[in-house]
Amino acid sequence: MPQGAEPSLRRWRLLVAYDGGAFRGFAAQPGVPTVAGVLASALARVARMAEDPVIVCAGRTDAGVHARGQVVHVDLPDPLPAARGRDGDPLTAQDVKRAVNRQLAPSVVVREAQPAPAGFDARRAASRRHYRYLVHAAEVPDPLLAPLVWHVPFALDLQSMRAAADPLVGEHDFRSFCRRAPGTDPAEPVNRRVISADWSEVVGAPVDGRLLRFDIVATAFCHQMVRSIVGVLVAAGRGRGNAATVMELLAAGSRAQAAEPAPPHGLCLVDVAYADTVTSLRPTSLRPTRA
């Protein structure tokens, strides 16, 4: 490379999991720990870059929210630096994955790393996102589950929660369930298309009480949408609302009558779908049931 010339860059696609409890959200922010911040710094060290690269994700998660299937893209030098002890051969995708995980695991883990097609955009190319929310309905909390679930110390009617979720499917104005972005017009609809929204009970979970799971898939989400929905649906499970309540909220276009959003630590981004592939969880022994 001629002296002073800019290095060539190649786009990479990473599948990332993280415990959101240690971070102030995904997006990089000066002076506070974020997922994008630590990931960018780790990649800069691996690729021997003078500055941290820009990380673009499929879905920006809030402080405390977890992920198992977050997808990001990042531009790294091409070729990558030589791998130590391999006669000058450049780092491979496996090398990148292992090197980042040595620095960040277990709070942040790269599950997969691979060069991406030119122009791949983790956010704009995503066709749908799948979020999951866990609720532990029991008299007392479980210390081992506490970082991952919303403990609700009262009985919930699962059938009522399922029925209340049904009106969410389809394309609607979700202003009643979204935190409005600064500078936006409150009269402007926030239309999103929900593909599926359903509650199930996880059977086989070694816990007292009931472990309930809400899965929602949409082409895109707005800020605090899932947590706001869960807050309304759990209220319905307590007899404080129903499907008609959800329909009224969708029609109102205002958060004024909605329940408080559910806490962030029960929420997880589990996968993101693209035209060429779907990142998904491996099968689990904890089976959901509608019985």
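Computed from a predicted model, the values in this text were never measured in an experiment.
Between the side chains of Ser228 and Arg255, a donor-acceptor pair is found at a separation under 3.5 Å. A side-chain donor-acceptor contact under 3.5 Å links His130 and Asp215. For the residue pair His223 and Asp62, a side-chain donor N or O sits within less than 3.5 Å of a side-chain acceptor on the partner. Looking at Asp52 and Ser41, their side chains do bring a donor and an acceptor atom within 3.5 Å of each other.
Hydrophobic clustering, with ILVMFWY side chains joined whenever heavy atoms are under 4.5 angstrom apart, groups Leu76 together with Leu14. A continuous path of ILVMFWY side-chain contacts below 4.5 Å connects Val96 to Val108, so both sit in one hydrophobic cluster. In this structure, Val217 is not a member of the same hydrophobic cluster as Val226, with clusters built from ILVMFWY side-chain heavy atoms closer than 4.5 Å. Residues Trp150 and Phe154 are members of one and the same hydrophobic cluster, defined by side-chain heavy-atom contacts under 4.5 angstrom among Ile, Leu, Val, Met, Phe, Trp and Tyr. Residues Val194 and Val234 share a single hydrophobic cluster, defined by chaining ILVMFWY side chains whose heavy atoms lie under 4.5 Å apart.
No donor-acceptor distance shorter than 3.5 angstrom exists from the side chain of Arg128 to the backbone of Tyr274, with no hydrogens or angles considered. A donor-acceptor pair is defined here as one N or O able to donate and one able to accept, closer than 3.5 Å; no such pair exists between the side chain of Asp75 and the backbone of Leu9. The main-chain N or O of Asp208 is found under 3.5 Å from a side-chain atom of His136 such that the two form a donor-acceptor pair. Judged by distance alone, with hydrogens and angles left aside, the side-chain atoms of His73 form a donor-acceptor pair with the main-chain N or O of Ala122 at under 3.5 Å. Remark: the backbone N or O of Gly253 is paired with a side-chain donor or acceptor of Ser176 at under 3.5 angstrom. Side-chain N or O atoms of Arg13 include none that pairs as donor or acceptor with a backbone N or O of Phe120 at under 3.5 Å. Judged purely by atom type and a 3.5 angstrom limit, His66 uses its side chain to pair as donor or acceptor with the backbone of Pro147. Under a 3.5 Å cut-off, the side chain of Gln70 and the backbone N or O of Cys57 do not form any donor-acceptor pair. A side-chain donor-acceptor contact under 3.5 Å links Arg210 to the backbone of Leu156. Remark: side-chain polar atoms of His151 are not paired, donor with acceptor, to backbone N or O of Ala137 under 3.5 angstrom.
When all heavy atoms of Val65 and Leu267 are compared, the pair lying nearest together is CG1-O, 3.5 Å. Taking every heavy atom of both residues into account, Val38 and Leu104 meet most closely at O-CD1, 3.9 Å. Shown here for Ile195 and Val169, the closest heavy-atom pair between the two residues is O-CG1, 3.7 Å. Taking both residues in full, the closest heavy atoms of Gln114 and Ala93 are given as CA-CB, 4.5 Å, listed atom of the first, atom of the second, then distance. Closest heavy-atom contact between Val110 and Asn101: N-OD1, 2.7 Å. Residues Leu158 and Ser200 share a closest heavy-atom pair of CD2-C, 4.3 Å.
Counting only heavy atoms from C-beta outward, the side chains of Val149 and Leu211 approach each other to under 4.5 Å. In this structure, Ile216 and Ser196 have side chains that are not in contact, with every pair of non-hydrogen atoms separated by 4.5 Å or more. Side-chain contact check for Val246 versus Val232: some heavy-atom pair is nearer than 4.5 Å. Between Leu39 and Val100 the shortest side-chain heavy-atom distance falls below 4.5 Å. Taking 4.5 Å as the limit, some side-chain heavy atom of Trp199 sits within range of a side-chain heavy atom of Leu233. Contact of the Ser107 side chain with the Phe23 side chain is registered, since non-hydrogen atoms from C-beta on lie closer than 4.5 Å.
Taking a cutoff of 4.0 Å between a charged side-chain nitrogen and a carboxylate oxygen, Asp95 and Lys97 do not qualify as a salt bridge. With salt bridges taken as basic N to acidic carboxylate O contacts below 4.0 Å, none links Asp121 and Arg123.
Annotation: Met247, atom CE; neighbour count of heavy atoms from other residues, nucleotides and ligands within 6.0 Å does not exceed 12. No more than 12 heavy atoms of other residues, nucleotides or ligands shown are found within 6.0 angstrom of CZ on Arg193. Other residues, nucleotides and ligands contribute only 12 or fewer heavy atoms inside 6.0 Å of the CZ atom of Arg179. Applying the 6.0 Å contact sphere to CZ of Arg24 captures no more than 12 heavy atoms from other residues, nucleotides or ligands. In this structure, Glu171 places its CD atom where more than 12 heavy-atom neighbours from other residues, nucleotides or ligands lie under 6.0 Å away. In the displayed structure, Arg60 atom CZ is contacted under 6.0 Å by at most 12 heavy atoms of other residues, nucleotides or ligands. For CZ of Arg45, the number of neighbouring non-hydrogen atoms (other residues, nucleotides, ligands) closer than 6.0 Å is greater than 12.
Both tests do not hold together for Arg162 against Phe214: distance to the six-membered ring centre under 6.0 Å, angle to the ring axis within 45°. Relative to the six-membered ring of Tyr133, Arg227 misses at least one condition, a distance below 6.0 Å or an angle of at most 45° to the axis.
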Could you walk me through whether Phe177 and Val190 pass the side-chain contact (heavy atoms from CB on, under 4.5 Å) check?
CA-CA 10 Å; Phe177 297 93; Val190 180; over 6 Å; no
For Val74 and Leu43, run side-chain contact (heavy atoms from CB on, under 4.5 Å): C-alpha distance rounded to whole Å, both residues' side-chain angles, the deciding distance at 0.1 Å, then the answer.
CA-CA 9 Å; Val74 60; Leu43 286 166; 4.1 Å; yes
Which is it for Val71 and Val16 under the side-chain contact (heavy atoms from CB on, under 4.5 Å) test, yes or no, and what are the steps along the way?
CA-CA 6 Å; Val71 177; Val16 182; over 6 Å; no
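Note that the CD atom of Gln224 and the CD atom of Glu260 stand 9.5 Å from one another [nearest 0.5 Å]. Taken from CE in Met161 to CD in Glu201, the straight-line distance is 10.5 Å, to the nearest 0.5 Å. Interatomic distance, Leu134 CG to Leu212 CG, rounded to the nearest 0.5 Å: 9.0 Å. In this structure, CG in Leu80 is found 9.5 Å from CE in Met49, a value given to the nearest 0.5 Å. The distance from the CZ atom of Arg192 to the CZ atom of Arg129 is 9.5 Å, given to the nearest 0.5 Å. Note that CG of Leu249 is 12.5 Å distant from CZ of Arg175, once rounded to the nearest 0.5 Å.
Aromatic ring orientation, Phe221 versus Tyr131: perpendicular (interplanar angle above 60°, classes split at 30° and 60°). Ring-plane geometry between Phe26 and Tyr18 is classed as tilted, the angle between the planes lying from 30 to 60 degrees on a 0 to 90 degree scale.
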